[in-house]
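Worksheet for the structure shown next.
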Protein chains: 2
Amino acid sequence: MRKNEQSIQRCVTVSTVQKILGGKWKIEILYYIGMQNIHRFGELRRHVGEITESSLTKQLRELESDGFLHRHDFKELPPRVEYTLTDLGKSFMPVLEVIRQWGEANLK
Amino acid sequence: MRKNEQSIQRCVTVSTVQKILGGKWKIEILYYIGMQNIHRFGELRRHVGEITESSLTKQLRELESDGFLHRHDFKELPPRVEYTLTDLGKSFMPVLEVIRQWGEANLK
DNA sequence: CCGTATCCCCTAAGATACTG
DNA sequence: CAGTATCTTAGGGGATACGG
């Protein structure tokens with residue numbers, strides 16, 4: 001049964017999620033920070049795929065300005081910076097877990 | 001509490017999902033086909049953002065070869081082609097719904 | 001109506017060098 | 001350690017024209 005044209009719901013939401021989290025490493029970064037408790041820049045660089053420093057910086061800054069991450073600079077020497085989830089970031093964790101579980105079950 | 005390096009779980013799954021569904025229009029296409037019952041090429045072109053014909057074709061072909069869609073050519077004139085979800089595609093719908101609901105609640 | 005076939009362009013991401 | 005500053009590059013996506 002086909003819906004008529006009037007009843008079709010636009011999906012700004014879905015495309016917005018794509019726009020915000022479509023970056024090559026975004027959800028992987030959120031996964032490591034939120035689900036694996038990895039918070040420091042260097043740790044992330046070692047764990048997130050083959051990402052380069054400049055790309056990691058860029059994606060972190062974008063996630064920060066989109067409200068998913070908080071950046072805490074401890075102002076120590078040697079430098080120490082930790083990235084943690086904001087409330088928005090935390091709210092996304094259940095979604096990420098659903099994605100992960102689906103992948104585990106269907107992408108082998 | 002920090003996990004030690006040994007206990008950190010790689011997340012091939014999450015990055016694989018990104019790789020497969022990271023295309024600019026992929027999840028939106030799946031949304032229209034699976035949740036709004038839009039199956040024909042022309043309908044999709046009218047509803048999916050500002051996508052061009054060539055891009056739509058490409059993304060549909062990729063979703064097909066990744067096992068999310070089935071392409072049914074009715075061999076009629078004028079041509080009639082319908083895209084439907086495979087079992088894998090159907091299995092992804094609950095995930096998509098979770099994404100959509102999260103977006104509705106958090107991206108206003 | 002449902003596509004192909006070309007050509008083109010932009011920008012996300014990478015490579016590399018350097019710094020407080 | 002955690003970046004910044006440049007420069008370069010690949011390829012995803014767009015524009016357009018054409019075809020069965």
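In the text below, chain A, chain B and the rest are named by the order of the sequence lines, each starting its count at 1.
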Within the structure provided, determine whether B:I29 and B:L60 are in side-chain contact (heavy-atom separation under 4.5 Å).
yes
If we only count heavy atoms from C-beta on, is the B:V95 to B:V17 side-chain gap below 4.5 Å?
no
Is the phosphate of C:dC2, meaning OP1 or OP2, less than 4.0 Å from a side-chain N or O of B:R71?
no
Using a heavy-atom cut-off of under 4.0 Å over every strand shown, decide if B:P78 touches base, sugar-phosphate, or nothing.
sugar-phosphate
Go through residues 48-60 of chain A and report each residue with a non-hydrogen atom lying under 4.0 Å from DNA chain D, sorted by number.
A:E53, A:S54, A:T57
Please report, rounded to the nearest Å, how far the P atom of D:dC1 is from the CD atom of A:E43.
11 Å
Check: B:G67 main-chain N/O paired with B:T86 side-chain donor or acceptor under 3.5 Å:
yes
Atom-to-atom span, CG of A:L77 to P of C:dT19 - whole angstrom
17 Å
When you measure from every atom of DNA chain D, which of residues 11-33 of chain B have a heavy atom less than 4.0 Å away?
B:G23, B:K24, B:W25
Could you check whether any side-chain N or O of A:E64 sits under 3.5 Å from a backbone N or O of A:H70, counting only pairs where one atom can act as donor and the other as acceptor?
no
Closer than 4.0 Å, any side-chain N/O of A:R61 to the OP1 or OP2 of D:dG3?
yes
Verify the distance criterion only: is there a donor paired with an acceptor across the side chains of A:S91 and B:W102 at less than 3.5 Å?
yes
Less than 4.5 Å apart, side chain to side chain, heavy atoms only: is that true for A:R45 and A:E53?
yes
Can you give me the bend angle of the helix from C:dC1-D:dG20 to C:dG20-D:dC1? Use the axis through the first five pairs and the one through the last five, nearest 10 degrees.
60°
Tell me, do A:V81 and A:H72 make a side-chain contact under 4.5 Å, heavy atoms counted?
no
May I ask you to say what B:Y83 touches in the nucleic acid, namely base, sugar-phosphate or nothing, with a heavy-atom cut-off under 4.0 Å?
sugar-phosphate
Classify the ring geometry between B:Y83 and B:F41 as parallel (under 30°), tilted (30 to 60°) or perpendicular (over 60°).
tilted
Could you state the CG-C1' distance from A:L44 to D:dG3, rounded to the nearest angstrom?
13 Å
D:dA2 C1' sits how many Å from A:H47 NE2, rounded?
17 Å
Mind telling me whether B:F92 and B:F68 have parallel, tilted or perpendicular rings, with 30° and 60° as the class edges?
perpendicular
